[in-house]
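Here is the structure we will look at.
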2 protein chains.
Amino acid sequence: MRSFEVTILGSGAALPTANRNPTAQFVKCKNRYILIDCGEGTQVQLRKFKCKLQQIDHILISHLHGDHFFGLVGLLSTMNLLGRSQSVNIYGPEALHKIISNQLEVGGARLEFEINFHPLLGNETKLLFEDKCIEIHTFPLKHRIETNGFLIKEKKMPPSLLGEVFKEDKVPLAAIPFFKRFENFTDDNGKIHEFENYIAASIAPKSYAYCSDTSFLPSIAESCKGATVMYHEATFTEIHKDKAKKTNHSTAIDAAKIGVLCNVKTLFLGHFSARYNDTIIHLEEAKTVFKNVFAVEDGDVIQI
Amino acid sequence: MRSFEVTILGSGAALPTANRNPTAQFVKCKNRYILIDCGEGTQVQLRKFKCKLQQIDHILISHLHGDHFFGLVGLLSTMNLLGRSQSVNIYGPEALHKIISNQLEVGGARLEFEINFHPLLGNETKLLFEDKCIEIHTFPLKHRIETNGFLIKEKKMPPSLLGEVFKEDKVPLAAIPFFKRFENFTDDNGKIHEFENYIAASIAPKSYAYCSDTSFLPSIAESCKGATVMYHEATFTEIHKDKAKKTNHSTAIDAAKIGVLCNVKTLFLGHFSARYNDTIIHLEEAKTVFKNVFAVEDGDVIQI
């Protein structure tokens, strides 16, 4: 299993269908587990696609349209019933906090774990969380109500020593701090040991950008330039571009243009309106702008 | 298709599983369409089991534990997106009204149809609705929070004339009101026409009683005596009867005893805890008390 992957739990838009649940994604990054959005039925999708719900430490809610959060209180209740004691971080619009507590209260329920709620304003670009391995950022999207995009990034790992070669060549231990600073080391006999021979080529850190729901918004590039993988909503095809404009959604071409502007390696489209039976047109249209584009299905696992 | 049937949309308890959704039932009675409870995922179950969601005129919510109502706002949103204009009646605890409006409000949504909200107190036995064909009653259950049971009844239909025999015998039209009052009619020539020859044997009206969630509560018989079919929760088996007591739920034997007290024709058990892999023990135990008992599965259609 790769250390950075995204499981698509729901790829539909507002109307759930037999094949497409409303939006939710389970992200595993360096053994950190993150849920992005939580449409109705997400807890069942997590079970279906073998994502362990008690591992989730961070829940990011983009905005308060029902297809992005109606499954949240049910998920929290289930975490509680299954004996969770570990706290969970929720990042979302302020009003969500009250919705959660209100719904639990009317049912007479009290969670046995803590919720650390981090309000999002929908107009900020900022770091939400970091530890030694990952970072989670938010950036504004443009929808009918305040909406947040998210960027999850691996951190650049410190260079690692090639232990066996190091031992074989009998390099003094005193060389290590020099090598880790990418400097050569001169030993007591005046011999120069070159760091390049003993340091593993560092792997470029990867990143995942999540953009749903939004109209065409070039400023996304300010936050997501060079993202390894981007998920961008593509609710409509060109024939419905007026509808996209009116509802502050994107067409597949809008999404592809953002992929180009951000110079991402791979673009995934989702949040398809229930009016389409398949995604052939979405892909045909997007490919006229950006070649490396795919349409997601529920259950897809994206390796980053 | 019979004129009185119940589709089980969810037969599980608080924890949904791959096979059992949380509680919801779709009742068709004399072309009236009623939804009882609406756990998370109900709208997808309605679609899966071919129940037309726009036909629903009455939604009955027993209580405010999430597994009985977390699918409601999503269902209302979907009804709206699909163009509903016809009002819907919702019967449930008062706090539900605010939850609905609050969740729609944070999403900037406005329904294009009216909600007629009828608050339930959880301690009343009363008629909620009647028209010429059906009646809907509520009665109290006993759970950790205020909880309502429901009884849906066909009305006794007025006697119907056997038109062909009536014509053949050339009975005067003036006889009809007499026959409908179960009286004989004497014509101008003094001939007596006996009503029994011209009136169809009236079919006894049927009824469906819904009892979930509740601990063992003999007073249910005051409302449900003689119900044709009863659905009663049976969250636990005898080995967990302490747990049933503590959580104000029923065992399969508790449910069977209520079936006996109410003298129902057929008893259906549901709301099974996710800890059981099957319902063999539930049925074995219930049958020691009441013979005509079945365990429901999602998608079952009960003919009444």
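We name chains A, B, ... by the order of the sequence lines, and we start the count at 1 in each one. Quick caveat, the model's predicted, so the values are computed rather than measured.
Contact count against chain A (heavy-atom pairs under 4.5 Å) is highest for His65(B) among His68(B), Lys48(B), His65(B). Taking chain A as the reference chain and counting heavy-atom pairs below 4.5 Å, the highest number among Val73(B), Asn21(B), Val44(B) is found for Val73(B). Each of Arg144(A), His63(A), Gln43(A) has some count of heavy-atom pairs under 4.5 Å with chain B, and the biggest count is that of Gln43(A).
Annotation for Val106(A) and Ile145(B): closest pair O-CD1, 3.9 Å, computed over non-hydrogen atoms. In this structure, Ser77(A) and Phe70(B) approach most closely via the heavy-atom pair OG-CE1, 3.9 Å.
For a residue to count as touching a neighbouring chain, one of its non-hydrogen atoms must lie under 4.5 Å from one of that chain's; by this rule Thr42(B) touches chain A with the backbone only. For a residue to count as touching a neighbouring chain, one of its non-hydrogen atoms must lie under 4.5 Å from one of that chain's; by this rule Arg47(A) touches chain B with the side chain only. For Leu82(A), the part lying near chain B is the side chain, with the backbone staying farther off; criterion is any non-hydrogen pair under 4.5 Å.
From Leu81(A), atom CG reaches atom CG of Asp67(B) across 8.5 Å, with rounding to the nearest 0.5 Å.
A donor-acceptor pair under 3.5 Å is absent between the side-chain atoms of Glu40(B) and the main chain of Glu40(A), judged by distance alone.
Within a 6.0 Å radius of CD in Glu124(A), more than 12 heavy atoms belonging to other residues, nucleotides or ligands are found. For Asn277(B), the CG atom is loosely surrounded, since the number of other residues' heavy atoms within 6.0 Å does not exceed 12. Glu114(A) CD: 12 or fewer foreign heavy atoms inside a 6.0 Å radius. Remark: Glu146(A) CD is loosely packed, at most 12 non-hydrogen atoms of other residues, nucleotides or ligands lying under 6.0 Å away.
The shortest distance between side-chain heavy atoms of Thr78(B) and Pro16(A) falls below 4.5 Å.
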